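To start, the structure under review is shown below, and the notes come after it.
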Amino acid sequence: MSTLLTNAHVVTMDDAGTEYENGWILFDEGMVKAAGAGPKPEADDVHDLAGAVVTPGLVNTHHHLYQTLTRARAQQADLFSGLGELYPLWARIDAEAEYAAARTGLAELALSGCTTVFDHHYVFPRGREGILEAEVQAAREVGVRIVASRGSMDLGVSDGGLPPDELVEEIDAVLAETERLHGALHEAGPGARVQIAVAPCSPFSVTGRLMEESAALARRLGLVLHTHLAETVEEEAYCHELYGCSPVEYLDRLGWLDRDVWCAHCVHLSDDEVARFGGTGTGVAHCPTSNLRLGAGVAPVRALRDAGVRVGLGVDGSASNERSDLFLEVKQALLVARGRGGGEAMTAREALRLATRGGAEVLRRDDIGSLEAGKQADLAIWRTDGLSLGGADDLVAGLVLAGPHRVDRLVVGGEDVVRGGALVRADEAEIARAHRVQARRFAA
Ligand SMILES: [Zn+2]
C-alpha cells in the first residue's frame, strides 16, 4: 500500500541538499518512491501534513544503552574517575536489566526522531547470557533499526588497565561470542533491521592483541569496527606512558585507521591526525553533550569535515549524557562548533546533515540517511505549528535552533513507530515503570 504525505517541507539530504517547500513524499513497500513539489502522484493513502517539516530519520552513532540505569552519578567526575566509580555498579548488568535499559533509551531516541541506533555494549560479566539478544529484542519491539556491538574489555587493573579484573574477558571467548552473534543476528544488505558491529572498548581497557584480532575477525565477517578514541587529556597521557605515542598513533599502529572504522569522540587530535583520518577514510562519532558533561573538550568537527572525514552524531551513554535525545545533539553540535570556531563554523543544515547522512556514512549504510528514490522510508515528521517555531520564516533553521523537539511522527521502513508524539508499538509509561524497578538494583 503506497503512502503519500503532502503539504510538507521535505528536507531530502541528497548530495545537492534539495528541499521542497510545499512538497510531498511518496513511499511504498518500505522504500521511498519519489519526493517533489508541484503535481502529486496517486497513492492508496494520502495524509496532509499541514506544513510540517519532513527529514530523514536521525542515525545515532554512539551510545551505551545500559547506562540509563545509572543516570546522574559521578556528577563532577572526569572520565577516568567516573568510570572507576561506575564499573562496580555496571558489573550487576544482566539480560533483564539490559532489556529494561534498552527499551528506555531506544524509546527516548525514537521520540527524538532517531530511526537507527548504534549501541556500544562492552560490559559482559562472566556467566550472564543473553545481554545482546535482550537489546535486539527491545529494538524490535520499539521498532527502530539497531546496530549492536559485541564490545569487549580484556585489560584489567592488575595488567595496567582501568576496569576491575572481574569485568574483563579472555580474548578467545570474546571472538567466539562475536562470531556466534554475527551468525545468529546479523542481517546484511539494504533494509537491515539488526546488524552486529565489533567494538573493543578503548585503549585503556583493551590489549593491543584484542584490538588486532577484533579487526581481523570483523574484516573476515564484513562487519564494521568501532572504539572510543582521544576523548580526554588523561587518555592521551595514559597512551604516551603505556604505548609511547598518542591514541591516534596507537590505533594507526594496530591497523585500525581505515574505511571500515569509526571512533567515538576524537576531541584531542593534532592537525596531522585530522588529515590522517581524512586520508584513511576513518569516521568519527561526535558526542558534544557528553564531552561537555565530562569537561573533556570540544572535537574539531569543522577541521574534520574540511578534511573530508565521515562525521556522525552520538548521544553517548546516560552516565555522561543523561538524555538520549539525538535532536538535542544536532543543536549542541552547532553550538560547540561555533563556540570553538565562531558563527560561521557550522550552519543549521550542516548540523542536521551530520545526524542523518553523516550518521549513515559512519555506519557504512547507503540505504538510509536521505530521502531519495530507492532509500528506506525512514523519516521524521516535525510539527511547525506549536509555540517554538512561531516567527521562524526558515523552518529548517528554526527547527534546529529551537530544538530539541518531540517528533510528531516517526516512520521506519514505511511503518509508524511514533504517531501524534506517542510510541505506536510500545507503552511509554510501562517502559518507564519497568525501568525504575530494574534501576533500583543499580543504586550506589
Ligand atoms: Zn562512549
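Note that the structure is predicted; figures quoted are calculated from it, not measured. All ligand and atom numbering here is 1-based and tracks the order in the structure.
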Got an N, O or S from [X] under 2.8 Å of the Zn ion (ligand 1)?
{"X": "His64", "answer": "yes"}
{"X": "His228", "answer": "yes"}
{"X": "His62", "answer": "yes"}

Looking at Glu96, Glu98, Arg103, which hits side-chain contact (heavy atoms from CB on, under 4.5 Å) with Gln438?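 The residue from Glu96, Glu98, Arg103 that satisfies side-chain contact (heavy atoms from CB on, under 4.5 Å) with Gln438 turns out to be Glu96.
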For Asp159, is the CG atom crowded, meaning more than 12 foreign heavy atoms sit under 6.0 Å from it?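 It does: Asp159 CG has more than 12 such atoms within range.
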Check Glu249 with Arg253, please: is the shortest side-chain N to carboxylate O separation under 4.0 Å? no
Does the side chain of Asp378 come within less than 4.5 Å of Asp367's, by heavy atoms?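 They are not in contact (no side-chain heavy atoms under 4.5 Å apart), so the answer is no.
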If I consider every N, O or S atom in Asp316, which one ends up closest to the Zn ion (ligand 1)? I only need its name. OD1
